[in-house]
Amino acid sequence: MIEVTVIDDAAAAEVSLDPVRSRLLAALVRPASATALAAKVGLKRQRVNYHLRELERHGLVELVEERRKGNMTERVMRATAGSYVISPAALSAVAPDPGRAPDQLSALWLLALAARLLRELGELIKRARRSGRPLATFGMDTQLRFASASDRAAFAAELSEAVERLLSKYHDESAAGGRRHRLLVALHPSITRPEPAGDASADATTEKER
């Protein structure tokens, strides 16, 4: 089983979003039969088998083994991944396009960039798995606390300058055998506590500070 896989097919996405099927996927991180799953999720075995066939048809679960039980053959299934992410490619007609309205200070543009990252990375991972070759990527994830909005703005300006220097140093348009890479830098407030229902004050404050 792979750790994470990206769903880029609309039909597979629809199947995975069904509440019962998503519970079955979560349960199938460990191999189990329809009988065992039925007891776990509180459904009849025949109903579980129906859902498993749909999940298997879309590549979300796979057969591990078949066991003979009396005059029956019991199929033991497992999820094809520990976690699933739905790509914007599954909604290609309405997927966000970051080229439509670039704005470095817009949270919506940042969201469009993240959607493109998910779509492209999902496709690259799929191609790498098919070819059996490793995919060269690099990621960083950290948190920092700014004393003020002006410090945040100064940090963003310095970060932009540092990235521009690195791009000038390493970008080579004419190198033989070179390969293009996409660099995405993102900065956004951390979520430190759940938002009470109907309270949009945190979003409003963020927009004022922009």
*Do Thr192 and Ser190 get their side chains close enough for a donor-acceptor pair, meaning under 3.5 Å?*
no
_Taking CZ in Arg68 as the centre, count heavy atoms belonging to other residues, nucleotides or ligands within less than 6.0 Å. Is the count above 12?_
yes
*Backbone of Asp103 reached by a side-chain donor or acceptor of Ser106 within 3.5 Å*: no
*Heavy-atom donor-acceptor pair, Ser33 side chain to Ala36 backbone, under 3.5 Å*: yes
*Do Leu43 and Leu37 have side chains that get closer than 4.5 Å, going by heavy atoms?*
no
*Counting only N and O atoms by type, is there a donor-acceptor contact under 3.5 Å from the side chain of Thr80 to the main-chain atoms of Gly59?*
yes
*Should Arg57 and Glu54 count as an ion pair when the cut-off is N to O under 4.0 Å?*
yes
*Just do the salt bridge (Lys or Arg N to Asp or Glu O under 4.0 Å) check on Glu74 and Arg45 with the steps written out, would you?*
CA-CA 11 Å; Glu74 185 176 64; Arg45 179 177 58 82; over 6 Å; no
*Ionic contact status for Glu173 with Arg180, cut-off 4.0 Å*: yes
*Say you draw a straight line from NZ of Lys69 to CG of Asn71; how long is it, rounded to the nearest 0.5 Å?*
12.5 Å
*Any side-chain heavy atom of Leu63 within less than 4.5 Å of one from Met77?*
yes
*Would you say Arg129 and Ile2 make side-chain contact, with heavy atoms under 4.5 Å?*
yes
*Are more than 12 heavy atoms from other residues, nucleotides or ligands located less than 6.0 Å from atom CD of Gln104?*
no
*Heavy atoms of other groups near Glu3 CD, more than 12 under 6.0 Å*: no
_Cationic N near anionic O, under 4.0 Å, Arg119 to Glu123_ = no
_Within 6.0 angstrom of Ile191 CD1, more than 12 heavy atoms from elsewhere_ = no
_Surrounding CZ of Arg133 (heavy atoms of other residues, nucleotides or ligands, distance under 6.0 Å), is the total greater than 12?_
no
*asked:* Within the 4.5 Å heavy-atom criterion, are Ile7 and Leu60 side-chain neighbours or not?
replied: yes
_Under a 3.5 Å distance rule, please check whether His181 uses its side chain to pair with a backbone N or O of Arg179 as donor and acceptor._
yes
*Chi angles and distances behind the salt bridge (Lys or Arg N to Asp or Glu O under 4.0 Å) call for Lys126, Asp8*: CA-CA 10 Å; Lys126 186 166 63 175; Asp8 56 11; 2.7 Å; yes
*Check for a donor-acceptor pair, side chain of Arg23 on one end and backbone N or O of Val41 on the other, with a separation under 3.5 Å.*
yes
*Any side-chain heavy atom of Val29 within less than 4.5 Å of one from Arg78?*
no
